[in-house]
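Reading through the structure tokens given below for one structure.
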Amino acid sequence: MKSMFELDVPVPSKRSLIVRNIKEVSKEQREIALKKTEYSMFSFPADMLVLDFLSDSGSSSMTDLQWASLFHGDESYGRNKGYYVLLDAIRDTFERGDKPKKVINLILSGETNVKTLMDELYLKAFKGGFVNGGVHQLARPNAFIVPQGRCAEHLLFSTIASILKENNPNKEYYIPNNGHFDTTEANITANGIIPINLFSVNLFEDFPSDQMDVKNPFKGNMDSEELKAFIQNKGVESIPLIYLTITNNTAAGQPVSLKNIKEISEIARSCNIPLFFDACRFAENAYFIKKFEEGYNNYSILKIVQEMFSQVDGFTISFKKDGLANIGGGLFFRDKGIFYKKFSTNGNIGTKLKEKQILTFGNDSYGGLSGRDIMALAVGLYEVVKEPYLAERIRQVREFARKLANNGVPIVLPAGGHAVYINVEEFFKGTAMEIDDFGGVGFTIELLKHYGIRACELGPFAFEWDKKTPEQRKGILNLVRFAVPRNVYDTSHIDYAVAAITELHRNRDKIPKVKVSRGINLRLRHFQSGLLPIYTNEN
Ligand SMILES: *Cc1c(COP(=O)(O)O)cnc(C)c1O
């Protein structure tokens, strides 16, 4: 019951001051473009879309504070101002909880006291955490800025794979995860290590849509019993790393509880295996913990983030997600932690990573980013942990899900933090669509053709079901993802998408099967192969 003067609508958290008009494009024009781009969602011209739910990656609107920070961007080749600011923003965000230092304000406010700048920013020494500073970062590098998350993955996996092979050329290695993201899985595989998914057992359990504001089953968790059994079975020496992805993008964007993080951390530590986060949506995950996990309601987001990260030995991250930035990624590991010790027996692992970073992306103080990008990213880290923003963000995704569920469209419930996922198997129940007909792809083609809305299949096509063993097939979910860009859409956009998806669901028997027309064996084929919808008399 709401009391007098109380409202049952949320308080708005932002105003928009820039408008981009959407072009009027006809269905015929979209059909021509679809045909000429081989029906690949990744190749369709974005400017011809009404709504784009392909990815929430790098597609966020920046805030006014981020735009303003671009003017402070420093394009120097060595040790630009933003480098120091970003490293300290990372300490603030992931390590300092309720006591951020915000030395970024020295730069944004034009501090001219050089001694202050030297003491607080440029020469200050740090050690022991995820970001060594001053002389310690030179002696023991442990913070690596790169353009994207996958660059961090490449740095990490290619470097440890060559160390592992040096030590033992014929051994098989495994990296378990609560759900490997596609680029993570591909980077691990490309380096001869075997990625393993240990999804939570409750992932496909039913959940009533009217309970979404009340509770959350944290379906993104890792199955800790499976992990223990896996370690027992393969042996500690076969597992160079354990990964936890927060939130679990591949498992329908579901959050991971702090209880699970602590459990997995305990298991990893007891085996002396380093535990890493794939930390892409750390802030959204922290918001779920605050809202739904017992004991954290009175914690700030920053304090929860601090507690989460206190449990791990390192992390890779794409700042294109929760950084609110349009570009950026990083790799960070605990100074003299388990990872450092394990991989430094034959020379400092940090130095090896730094050499590869310089070889591939640029020197350590810009890592392939412009000075402007670095500033926008540093400011973004402070923006993204603000609770009113996060509340609105998660509320919008949930509203999208609730409206679809109310219209009878089968989706994964509860909604995760960044996306709504259609359960494709349920969607096509009662039709002739088989798993290797790629119905999810057919659905995305029709949605784009009729309504100008772009989404992404993350199922048998993307995860290459037809090329996998029966055992590996068990790790493939059949989903279509609607990833919601941050701070871009309002209720009118959501309502348009819901109406379009609902109408297609009603006409699901007319959705075409799809064949791969070119490049069926390409690696990461969902980014590059050509497709062909098979229209019959019925559709
Ligand atoms: C996006 C993403 C990545 C890769 O990051 P990029 O910046 O796209 O290279 C890795 N893991 C997860 C969970 C992601 O969502």
May I ask you to test the [X]-[Y] pair for a side-chain heavy-atom distance under 4.5 Å?
| X | Y | value |
| --- | --- | --- |
| Thr444 | Arg454 | no |
| Phe361 | Leu155 | yes |
| Asn221 | Glu263 | no |
| Arg79 | Asp364 | yes |
| Ser200 | Phe218 | no |
| Leu108 | Met375 | yes |
| Ile188 | Asn177 | no |
| Tyr389 | Leu324 | yes |

State, to 0.1 Å, how close [X] and [Y] come at their nearest heavy-atom pair, and which atoms those are.
| X | Y | value |
| --- | --- | --- |
| Pro240 | Pro274 | O-CD, 3.3 Å |
| Asn285 | Pro255 | OD1-CA, 3.4 Å |
| Val484 | Asp56 | O-CB, 3.5 Å |
| Asp278 | Cys280 | OD1-SG, 3.1 Å |
| Leu369 | Ile145 | CD1-CG2, 3.5 Å |
| Ser158 | Asn191 | CA-OD1, 3.3 Å |

Worked check of side-chain contact (heavy atoms from CB on, under 4.5 Å) between Leu54 and Phe44: CA-CA 11 Å; Leu54 181 65; Phe44 192 90; over 6 Å; no

Tell me whether the rings of [X] and [Y] are parallel (<30°), tilted (30 to 60°) or perpendicular (>60°).
| X | Y | value |
| --- | --- | --- |
| Tyr296 | Tyr299 | perpendicular |
| Phe94 | Phe309 | tilted |
| Tyr421 | His418 | perpendicular |
| Phe157 | Tyr243 | tilted |
| Phe42 | His526 | perpendicular |

Cation-aromatic face contact Lys321/Phe181, 6.0 Å, 45 degrees: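 Verdict for Phe181: a cation-pi partner in Lys321.
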
Distance under 6.0 Å and angle within 45° of ring axis: Arg393 vs Tyr287: no

Side chains of Asn260 and Ser257, donor plus acceptor under 3.5 Å: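 Ser257 and Asn260 do not have a side-chain donor-acceptor pair below 3.5 Å.
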
Side chains of Glu111 and Thr116, donor plus acceptor under 3.5 Å: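 No.
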
Steps toward side-chain contact (heavy atoms from CB on, under 4.5 Å) verdict (Leu331, Thr316): CA-CA 5 Å; Leu331 161 63; Thr316 50; 3.8 Å; yes

Quick check for you: to the nearest 0.5 Å, what is the distance between [X] atom [atom1] and [Y] atom [atom2]?
| X | Y | atom1 | atom2 | answer |
| --- | --- | --- | --- | --- |
| Asn249 | His180 | CG | NE2 | 13.5 Å |
| Leu121 | Ile107 | CG | CD1 | 5.5 Å |
| Leu106 | Lys101 | CG | NZ | 11.0 Å |
| Arg334 | Asn142 | CZ | CG | 10.0 Å |
| Leu458 | Phe463 | CG | CZ | 5.0 Å |
| Lys219 | Leu413 | NZ | CG | 7.0 Å |

Verdict with reasoning, Thr250 to Asp182, per side-chain contact (heavy atoms from CB on, under 4.5 Å): CA-CA 8 Å; Thr250 298; Asp182 58 5; over 6 Å; no

Ring centre gap for Phe400 and Phe53 strictly below 6.0 Å: yes

Checking the side chain of [X] only, and the main-chain atoms of [Y] only, is there a donor and an acceptor separated by less than 3.5 Å?
| X | Y | result |
| --- | --- | --- |
| Gln306 | Glu95 | yes |
| Asp490 | Ser492 | yes |
| Asp92 | Lys102 | yes |
| Asp313 | Phe339 | yes |
| Gln254 | Asn248 | no |
| Asn326 | Ser60 | yes |
| Thr245 | Gly179 | yes |
| Asp88 | Tyr84 | no |
| Asp322 | Phe282 | yes |
| Tyr83 | Ile374 | no |

Give a yes or no on this: more than 12 heavy atoms of other residues, nucleotides or ligands lie within 6.0 Å of atom [atom1] of [X].
| X | atom1 | result |
| --- | --- | --- |
| Arg372 | CZ | no |
| Lys124 | NZ | yes |
| Lys14 | NZ | yes |

Residues [X], [Y]: salt bridge by 4.0 Å N-O rule:
| X | Y | answer |
| --- | --- | --- |
| Arg486 | Glu383 | no |
| Arg395 | Glu392 | yes |
| Glu399 | Lys403 | yes |
| Glu225 | Lys228 | yes |
| Asp335 | Lys127 | no |

Pair Ile349-Phe333, side-chain contact (heavy atoms from CB on, under 4.5 Å): steps then yes or no: CA-CA 10 Å; Ile349 177 74; Phe333 64 82; 4.1 Å; yes

Positive for ring-ring contact (aromatic ring centres under 6.0 Å, His included) with Phe332, one of Phe315, Phe130, Phe144, Phe276: Phe315

Evaluation steps, salt bridge (Lys or Arg N to Asp or Glu O under 4.0 Å), between Arg15 and Asp64: CA-CA 10 Å; Arg15 296 174 216 162; Asp64 51 355; over 6 Å; no

